[in-house]
Amino acid sequence: ALLTKNAINYSQVHKTSVRAALRQLQVKVRQNAIGGVVRPRDSDLTRVMSTEGYVDDFPKESVPRELLQSSSSKGSMITLGYLRGLVKEELGKGSYGKVVLLESKEDPTVTAVAVKAQAPTDCLGLEYTILKAVQERVEPYCTGHFPFPRALSFVSVSDGALLGMTNASQSGINLVDLVNVYKAVEDTPVPELIALHYTILMLKIIETLHWHGKILHCDAKPDNWVLSNSNSAFEGCTEEIPGSGLMLVDFGKAVDLTTAAKSGTDAMNVVLRGSASDQQMECAAMRKGLGWSFDADTFGICAGAHALLYGTHIEIDFNSLTRRWMPRKPLRRYWKKDLWTDFFDTLLNLDKVSLTALGSRPGSLRDLRKKMESHVQTRTSELESLLRHQGRILP
């Protein structure tokens, strides 16, 4: 109760962070103008958006309508003033705009770039700032695959903004899409070994984000886990397997614990209150009106694992006898029940004494991951075969 009383209001922290990020970007635009930073002379929007550190303001322009319409924009030529770019793929779609893969119509040597458009700007400036912080804090500890987008550029316009960043893949397929691929093509659920593989990756990514990044994602739902190509997905695999890695995307709801922490408070001990998610993605503490922290993201891992195992969104129930939260659906008898029971019980529940999510802290995630890895490492050849087959059925 004391922790909840002293908890920081999530909504207030987020709104303050959104405003602060936009102010920082506006200062950078002015500094660029004073410093005589010259805008690109060519008309290649893809080249501009893929230029790392490029921040600009086009006050007389608006977000290209193709990036706001519900209809497909694939193959469309979009313009921003004198700049032009070709939409190669749609990677994602939200209520405020789209994420597209933009390629150069003029120069095939220019690398395609993911561009996220929003109108109004809302939290897009915060997402740019958070991604820069993630890269600075986390990348030195990542070997091989970097499991987060790298923010490249930010352009504000009269009614919104565009964010340029690296992409996980050419398709944007996420865990929800993967479940649907297996249903449509194989008429089967995702194999349990594949579910274990991706759950291990989610545990490792969130552990790294929390421990090294000191950042809460606050929206780690299954469709924000995007499949990527990685040859470091698991030990013993030397060749790149399509879709074997994961990237966590959409940091618009994120909280930087280092800035949220009050003076003299350890960032790892920050406690927040209030809802940060849709009702169905609220962790147990949010549902109970208690303070929360890392459990906001570990509930997302549980939701991702549940989607892979069952093909449905997670629903949880509170057992009044055991005083524990568990998924409503029972575990199948032929699954590794000991691993999954430990996984869900640890991540869904609060410590009985402190009423905090001790099981969701980075050290606990590491322990859960190591147990799963010990099992998967005895079936490496089988996993590699399944992943290669999966790579062949992915669109």
Side-chain angles (χ1 to χ4, degrees), residues 92 145 147-149 168-169 171-183 189-210 216-228 230 233-234 243-251 253-254 276-284 286 294-316 325-329 331-332 335-336 339-349 357 359-360 362 364-366 368-369 371-373 376 383 386-387 390 394:
H145 174 62
F148 310 99
S169 68
S171 63
I173 289 177
N174 58 48
L175 292 184
V176 175
D177 298 325
L178 180 65
V179 169
N180 292 332
V181 167
Y182 273 93
K183 285 180 180 176
V190 175
E192 186 201 10
L193 191 56
I194 294 280
L196 277 166
H197 167 72
Y198 287 122
T199 301
I200 288 169
L201 294 184
M202 286 189 284
L203 286 166
K204 189 170 187 177
I205 290 167
I206 292 296
E207 173 196 328
T208 302
L209 181 67
H210 290 174
L216 300 181
H217 184 277
C218 297
D219 198 20
K221 58 189 178 183
D223 40 359
N224 279 337
W225 292 98
V226 178
L227 271 58
S228 65
S230 172
F234 58 95
S244 61
L246 279 181
M247 178 181 281
L248 180 59
V249 303
D250 197 353
F251 279 73
K253 293 185 177 180
S277 313
D278 296 334
Q279 188 174 4
Q280 61 182 2
M281 281 299 295
E282 288 184 337
C283 61
M286 288 184 198
F294 305 117
D295 38 337
D297 289 348
T298 56
F299 187 87
I301 302 176
C302 292
H306 191 281
L308 292 168
L309 288 170
Y310 297 97
T312 60
H313 182 77
I314 189 169
E315 293 180 291
I316 61 173
W325 292 91
M326 282 299 285
R328 183 173 299 171
K329 286 180 175 288
L331 294 168
R332 307 265 164 80
W335 286 345
K336 293 296 295 180
L339 289 177
W340 292 117
T341 298
D342 189 27
F343 166 80
F344 285 116
D345 183 69
T346 301
L347 298 186
L348 290 177
N349 288 286
S360 292
S364 177
L365 300 194
R366 191 177 306 116
L368 287 172
R369 174 170 60 84
K371 291 176 187 176
M372 288 185 166
E373 285 176 342
V376 170
L383 174 60
L386 286 170
L387 285 170
Q390 175 183 287
L394 290 175

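This structure is a prediction, so every number in the text was calculated from the model and none was measured. Computed from heavy atoms alone, side chains included, the values below leave out hydrogens, waters and symmetry copies.
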Okay, side chain of [X], backbone of [Y]: is any donor-acceptor separation there less than 3.5 Å?
X      : Y      : value
His145 : Leu246 : yes
Glu192 : Lys336 : yes
His313 : Met281 : no
Asn349 : Asp345 : yes
His197 : Ser244 : yes
Asp278 : Gln280 : no
Asn224 : Lys221 : no

Less than 4.5 Å apart, any side-chain heavy atom of [X] and any of [Y]?
X      : Y      : result
Phe343 : Ile301 : yes
Met202 : Leu175 : yes
Leu331 : Thr341 : yes
Pro327 : Leu348 : yes

Inset, instruction - In sequence, state the C-alpha distance, the side-chain angles, and the governing distance for Phe299 and Glu282, and then conclude on side chain to side chain contact (heavy atoms under 4.5 Å, CB included). - result: CA-CA 8 Å; Phe299 187 87; Glu282 288 184 337; over 6 Å; no
Inset, instruction - Hey, can you tell me if Phe294 and His210 have their rings parallel, tilted or perpendicular (30° and 60° cut-offs)? - result: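 Taking His210 first and then Phe294, their aromatic rings sit tilted (interplane angle of 30° to 60°).
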Once rounded to the nearest 0.5 Å, what's the spacing between atom [atom1] of [X] and atom [atom2] of [Y]?
X      : Y      : atom1 : atom2 : value
Leu209 : Leu248 : CG    : CG    : 7.0 Å
Tyr198 : Leu203 : OH    : CG    : 15.0 Å
Met247 : Ile205 : CE    : CD1   : 9.0 Å
Leu383 : Leu196 : CG    : CG    : 9.0 Å
Gln279 : Met286 : CD    : CE    : 12.0 Å
Arg328 : His306 : CZ    : NE2   : 9.5 Å

Return the minimal non-hydrogen interatomic distance between [X] and [Y], and the atom names on each side.
X      : Y      : answer
Cys283 : Asp295 : CB-O, 3.5 Å
Leu365 : Gly359 : CD2-O, 4.2 Å
Cys218 : Asp297 : N-OD1, 2.7 Å
Leu309 : Ala195 : CD2-CB, 3.9 Å
Cys302 : Leu347 : SG-CB, 3.5 Å
Ala220 : Trp225 : O-NE1, 3.2 Å

Legend entry - Residue pair Asp342 / Thr346, side-chain donor-acceptor N/O under 3.5 Å: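 Yes - a donor-acceptor pair under 3.5 Å links their side chains.
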Legend entry - Aromatic contact, Trp335 with Tyr310 (centres under 6.0 Å):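 Yes, ring centres under 6.0 Å apart.
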Legend entry - Derivation of the side chain to side chain contact (heavy atoms under 4.5 Å, CB included) call for Leu394 and Gln390: CA-CA 6 Å; Leu394 290 175; Gln390 175 183 287; 4.2 Å; yes
Inset, instruction - Could you give me the CA-CA distance, side-chain angles and deciding distance for Val249 and Asn174, then say whether side chain to side chain contact (heavy atoms under 4.5 Å, CB included) is met? - result: CA-CA 10 Å; Val249 303; Asn174 58 48; over 6 Å; no
